[in-house]
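The next block holds one structure in the form of structure tokens; read it before the comments.
Since the model is a prediction, treat every value here as computed from it, not as a measurement. All residue numbers refer to positions in the sequence shown, counting from 1.
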Amino acid sequence: MRLLRIILILLVVASACTNDNEEDLFGEVTCRDDTSLADDVQPIIAANCAISGCHVSGTQLPNFSQKSTIINRAANIRNKTKDRTMPPPASGITLSAEEIQLIDCWVAQGANDN
């Protein structure tokens, strides 16, 4: 009887384990080959980050109204948007999943000045 319980427990545990990864669970993340700073990323940052009281000249650093700053801080921007610490939740501003993905794709493609 004890052996039967052990086998049953092992079967339950084994069936609960899967090899699911993020793509299996949430769908494959695909990036367009032409994700662009000017057409995709800068408009998101201009509308949500480089606004009065946030990341513009004379307020909180870094100044995201400057293209060079966006490029130089690309990885940090990606990390903070993906973990949703930026824009800060208290600001009431949220990025859509598509906006976050566009930033992620642009950085993954080399954060080019395009």
Side-chain angles (χ1 to χ4, degrees):
M1 188 66 164
R2 185 170 191 220
L3 181 59
L4 184 58
R5 278 190 210 164
I6 292 172
I7 292 172
L8 182 61
I9 290 170
L10 289 174
L11 286 173
V12 169
V13 170
S15 68
C17 296
T18 65
N19 291 326
D20 289 338
N21 57 33
E22 189 171 321
E23 287 81 17
D24 293 337
L25 295 172
F26 303 109
E28 186 175 340
V29 174
T30 56
C31 295
R32 299 184 339 245
D33 290 336
D34 62 344
T35 306
S36 139
L37 173 62
D39 295 336
D40 299 310
V41 176
Q42 272 187 297
I44 295 167
I45 292 174
N48 299 286
C49 311
I51 57 176
S52 179
C54 291
H55 294 285
V56 292
S57 180
T59 60
Q60 181 173 332
L61 293 175
N63 180 358
F64 287 144
S65 60
Q66 297 176 342
K67 180 171 56 171
S68 61
T69 303
I70 296 170
I71 293 168
N72 290 335
R73 296 186 177 255
N76 194 33
I77 293 169
R78 175 181 56 187
N79 294 340
K80 289 186 178 279
T81 56
K82 282 181 80 169
D83 70 12
R84 296 194 178 269
T85 58
M86 282 292 169
S91 72
I93 300 170
T94 57
L95 299 181
S96 69
E98 181 183 3
E99 290 170 322
I100 293 169
Q101 182 178 349
L102 283 169
I103 293 168
D104 186 35
C105 290
W106 172 71
V107 175
Q109 293 169 356
N112 298 311
D113 183 358
N114 57 356

- Just jot down the salt bridge (charged side-chain N to carboxylate O under 4.0 Å, His left out) partners of Asp113, sequence neighbours excluded, or say none.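 Checked Asp113 against salt bridge (charged side-chain N to carboxylate O under 4.0 Å, His left out); matches are Lys67.
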Please check: side-chain N/O of [X] versus main-chain N/O of [Y], any donor-acceptor pairing under 3.5 Å?
X: Thr69; Y: Phe64; result: no
X: His55; Y: Ala50; result: no
X: Gln101; Y: Ser96; result: no
X: Arg32; Y: Leu102; result: no
X: Asn72; Y: Ser68; result: yes

Would you name the heavy atoms of [X] and [Y] that are closest together and state the gap between them?
X: Ile103; Y: Ile44; answer: CD1-CG2, 4.1 Å
X: Ala111; Y: Ala74; answer: CB-CB, 3.5 Å
X: Ser57; Y: Ser65; answer: N-OG, 4.4 Å

- Message: Does any part of the side chain of Ile71, heavy atoms only, come nearer than 4.5 Å to the side chain of Trp106, both counted from C-beta?
- Response: yes
- Message: Suppose clustering is done on Ile, Leu, Val, Met, Phe, Trp and Tyr with side-chain heavy atoms closer than 4.5 Å. Which residues sit in the same group as Met86?
- Response: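 When side chains under 4.5 Å apart are linked, Met86 ends up in no cluster with other residues.
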- Query: Any chance the SGs on Cys31 and Cys105 are under 2.5 Å from each other?
  - Reply: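 Bridged: Cys31 to Cys105.
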- Task: Mark yes when over 12 heavy atoms from residues, nucleotides or ligands other than Asp33 sit less than 6.0 Å from its CG; otherwise mark no.
- Result: no
Roughly how far apart are [X] [atom1] and [Y] [atom2], rounded to 0.5 Å?
X: Asp34; Y: Asp40; atom1: CG; atom2: CG; value: 7.0 Å
X: Lys80; Y: Thr85; atom1: NZ; atom2: OG1; value: 4.5 Å
X: Arg73; Y: Asn63; atom1: CZ; atom2: CG; value: 10.5 Å

- Query: Linking I/L/V/M/F/W/Y whenever their side-chain heavy atoms sit closer than 4.5 Å, directly or via other members, would Val56 and Ile45 fall into one cluster?
  - Reply: no
- Does Ile77 belong to the same Ile/Leu/Val/Met/Phe/Trp/Tyr cluster as Ile51, with side-chain heavy atoms less than 4.5 Å apart forming each link?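 In one cluster: no.
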- Worked verdict on Glu99 versus Thr81 for side chain to side chain contact (heavy atoms under 4.5 Å, CB included): CA-CA 9 Å; Glu99 290 170 322; Thr81 56; over 6 Å; no
